[in-house]
Amino acid sequence: MSGCFLYTALMETRNIFLNISPVDHRYSLSEASVFDALSSHISEQAAVLSCARAETALIKAHLSIRGELTPQLEKELDAVADSIDPAAVYAEEEKTHHNIRALVNVMKTMVPAPVAPLVHLGATSVDILDTALSVRVRDCIRQVILPLLRELETKLCDIAAAEAETPQVGRTHGQHAVPITFGFAVAEYVSRLGKSILEIENRSKMLKGKLAGPVGAYNGPSMIVKDPEELERRYLSYLGLEPSEHSTQLVEPEYLLRLLLECNVAFGVIANLADDLRNLQRSEIGEVFEYFSSTQVGSSTMPQKRNPWNSEHVKSLWKAFAPRVMTFFMDQISEHQRDLTNSASQRFVADYLAGFALAVARMKSVVTGLQADRNNMAHNLAVAGGKVKGGVLAEPAYILLAEAGVSDGHEVIRKITLEAEQTGASFYEILVKHTDVFEKITAQLEKLGVADPAGFFADPARYRGLAAEKARKLAEKYARLMASC
């Protein structure tokens with residue numbers, strides 16, 4: 001294909017449904033605002049423009065050291081970088097078969113003639129590519145992904161606080177365990193996601209760039225200035241970055257790796273939340289519901305269905321993108337000072353960030369429209385195990401009995417739960433019949449200052465530990481942290 005033909009083809013508007021990646025058709029339509037925000041940072045156009053801005057930053061650094069950089073010239077250079085046509089660069093690449101050299105050739109025709117010799121002077125391609133990648137990832141994280149994460153976290157804080165007192169049966173291994181509150185269940189994700197958000201923010205500030213040449217030893221820059229590291233610092237300062245402590249042809253890969261890994265930690269937390277909410281929407285549980293519009297269809301054949309499709313969608317995105325961390329790890333390795341084995345794979349960092357952002361946005365829509373069915377939560381807690389009504393209170397009964405000095409308290413209470421199961425009576429009803437056991441337990445409750453100790457086991461919601469207090473505390477803490485970010 002000739003460069004001219006390629007240029008013309010790229011200028012044509014492509015039917016969105018001819019795109020290959022679902023990110024570029026299905027999600028660009030369903031999450032249009034997020035897609036548009038991402039495109040500003042991690043699209044191919046953004047990649048070309050960020051490299052152009054890196055090249056102009058280098059020109060500014062040279063002029064600055066010479067004392068020749070004027071505000072007007074700086075303005076002209078910025079205008080050039082912002083007006084680069086990616087199609088023109090791609091057309092030039094058909095001739096050069098080198099993306100950065102193509103960009104350099106195009107830019108030389110656009111900058112003021114006196115500074116044209118300074119385009120790319122002293123740089124190797126990766127001085128531009130790695131630096132520009134750091135800028136794009138940093139800005140994508142800080143301007144798109146972190147705001148979405150903070151919004152999601154804040155909404156979770158609101159739910160945790162609002163539902164701090166809402167009784168719910170706790171579950172382990174898919175079985176009823178002991179009572180908690182729904183706010184406490186949500187506070188788990190408030191805490192886990194909140195810490196990850198703070199870590200992502202911190203690591204996004206640590207991305208680095210370079211201007212150290214083909215092997216990182218400043219060979220080329222040392223032919224231009226007496227202090228190559230000062231040139232590097234000036235170059236990167238125009239882009240808001242600092243130099244990598246050590247460079248080969250590449251920036252040390254761990255800066256980006258650690259950031260992406262922490263993104264994957266947050267992705268996992270969100271997927272876990274999606275899974276929990278999906279399960280709580282099961283027909284036999286029915287404790288929460290996603291928002292369902294009046295025109296929405298849950299099934300092509302079963303009109304009554306209200307599927308938890310958004311929660312399932314989040315988990316599905318996680319399944320698609322989380323395994324890509326293996327590629328991020330593999331991109332750590334480059335032979336000697338550089339090989340090209342990360343050239344193709346690293347391009348898919350953009351896809352990963354897009355998938356992550358889309359999942360966060362979808363999770364935010366889930367929790368925004370989430371409806372807690374407090375009546376069903378109360379009903380499930382009261383039933384708590386089918387025939388063993390109130391059986392979730394076996395634990396406190398055993399503990400109190402042991403505190404009263406009964407060494408086989410666990411076995412005593414186990415037999416009471418079996419009796420309740422066999423007779424169909426509630427745990428409380430059978431416990432009361434065992435007068436000696438009940439009196440010992442009640443006496444222990446009196447020592448603890450529990451109000452109405454005799455009625456404690458009639459209401460499972462009373463045995464909730466510090467669930468409500470923890471929910472409120474964590475909601476308040478992370479709401480404050482998100483507001484101060």
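When a residue number appears, it is its place in the shown sequence, counting from 1.
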By side-chain contact (heavy atoms from CB on, under 4.5 Å), I333 pairs with (sequence neighbours left out) none
Flag the pair E199 and R203 as a salt bridge only when some basic side-chain nitrogen lies within less than 4.0 angstrom of an acidic carboxylate oxygen.
yes
Kindly write out the residues that satisfy side-chain contact (heavy atoms from CB on, under 4.5 Å) with E31, not counting sequence neighbours, or none if the list is empty.
V34, L358, A361, R362
Give me the atom names and distance for the closest heavy-atom approach of S134 to L207.
O-CD1, 3.6 Å
For Y398 and H410, take the angle between the two ring planes, folded into 0 to 90°, and tell me which bin it lands in: parallel under 30, tilted 30 to 60, perpendicular over 60.
perpendicular
If we ignore hydrogens and angles and just use 3.5 Å, is the side chain of T423 paired with the main-chain N or O of E419 as donor and acceptor?
yes
Interatomic distance, I416 atom CD1 to E421 atom CD [nearest 0.5 angstrom]:
14.0 Å
Judged by atom type as modelled, is there a donor-acceptor pair below 3.5 Å linking the side chain of Y235 to the main-chain atoms of D127?
yes
Would F35 and H25 count as a ring-ring contact (aromatic ring centres under 6.0 Å, His included) if you check the C-alpha gap in whole Å, the side-chain angles of each, and the deciding distance to 0.1 Å?
CA-CA 10 Å; F35 182 86; H25 49 264; over 10 Å; no
Compare every heavy atom of C51 with every heavy atom of I100, then report the nearest pair and how far apart it is.
CD1-SG, 4.1 Å
If you draw a 6.0 Å radius around CD in E403, do more than 12 non-hydrogen atoms from other residues or ligands fall strictly inside?
no
Taking the ring of Y428 and the ring of F457, is the distance between their centroids below 6.0 Å?
no
Charged N-O contact under 4.0 Å between R278 and D275
yes
Quick one: does I197's side chain get under 4.5 Å of L152's, heavy atoms only?
no
Under a plain distance cut-off of 3.5 Å, with no hydrogens placed, do S50 and R136 share a side-chain donor-acceptor pair?
yes
Find the distance between CD (E395) and OH (Y463) and round it off to the nearest 0.5 Å.
3.5 Å
Please check this pair: side chain of D130 against backbone of V251, looking for a donor-acceptor N/O pair closer than 3.5 Å.
yes
Do you know the tightest heavy-atom contact between A354 and V23?
CB-CG1, 4.1 Å
Start with the C-alpha gap between R142 and S204, add the side-chain angles, then the distance that decides, and say whether side-chain hydrogen bond (donor to acceptor under 3.5 Å, both in side chains) holds.
CA-CA 7 Å; R142 298 190 66 77; S204 71; 2.8 Å; yes
Nearest 0.5 Å, please: how far is CG in L148 from CD1 in I141?
10.5 Å
Has R171 got a side-chain atom pairing as donor or acceptor with V178's backbone, closer than 3.5 angstrom?
no
From R138 CZ over to L259 CG, what is the distance, rounded to the nearest 0.5 angstrom?
12.0 Å
Can you measure from CE (M363) to OH (Y189) and round to the nearest 0.5 angstrom?
9.5 Å
Test side-chain hydrogen bond (donor to acceptor under 3.5 Å, both in side chains) on Q45 and S39; report intermediate values, then the result.
CA-CA 8 Å; Q45 175 172 293; S39 293; over 6 Å; no
Can you confirm if the aromatic rings of Y352 and F328 lie within a centre distance of less than 6.0 Å?
yes
Exactly one of V186, L280, V288 should register a side-chain contact (heavy atoms from CB on, under 4.5 Å) with Q168. Which one does?
L280
Per side-chain hydrogen bond (donor to acceptor under 3.5 Å, both in side chains), E287 is matched among N376, T166, N380 by N380
Sub-4.5 Å side-chain heavy-atom contact between E165 and R472
yes
Residues N264, R324; criterion side-chain hydrogen bond (donor to acceptor under 3.5 Å, both in side chains); working and verdict:
CA-CA 9 Å; N264 216 47; R324 298 196 183 195; over 6 Å; no
Taking the side chain as everything from C-beta on, heavy atoms only, tell me whether F356 gets closer than 4.5 Å to L149.
yes
Side-chain (N19) to main-chain (S21) donor-acceptor, under 3.5 angstrom:
no
Run the salt-bridge test on K210 and E252 with the 4.0 Å N-O cut-off and return the result as yes or no.
no
Determine the minimum heavy-atom distance between D373 and F289, stating which atoms define it.
OD2-CE1, 3.9 Å
Closer than 3.5 angstrom, by distance alone: can the side chain of Q332 be matched with the main-chain N or O of P253 as a donor-acceptor pair?
no
Is the backbone N or O of A164 less than 3.5 Å from a side-chain atom of T181, with the two atoms forming a donor-acceptor pair by type?
yes
Please enumerate all residues that pass salt bridge (charged side-chain N to carboxylate O under 4.0 Å, His left out) together with R414, with sequence neighbours excluded.
E411
Please confirm whether K208 makes a cation-pi placement over Y255, using NZ or CZ under 6.0 Å from the six-membered ring centre and within 45° of the ring normal.
yes
Hey, is E201 close enough to R150 for a salt bridge, meaning N to O under 4.0 Å?
yes
Taking the side chain from E429 and the backbone from S426, do they hold a donor-acceptor pair closer than 3.5 Å?
yes
May I ask you to decide if E188's main-chain N or O and S191's side chain share a donor-acceptor pair within less than 3.5 Å?
no
Please answer whether the main-chain N or O of R53 pairs with a side-chain N or O of T56 as donor and acceptor at a distance below 3.5 Å.
yes
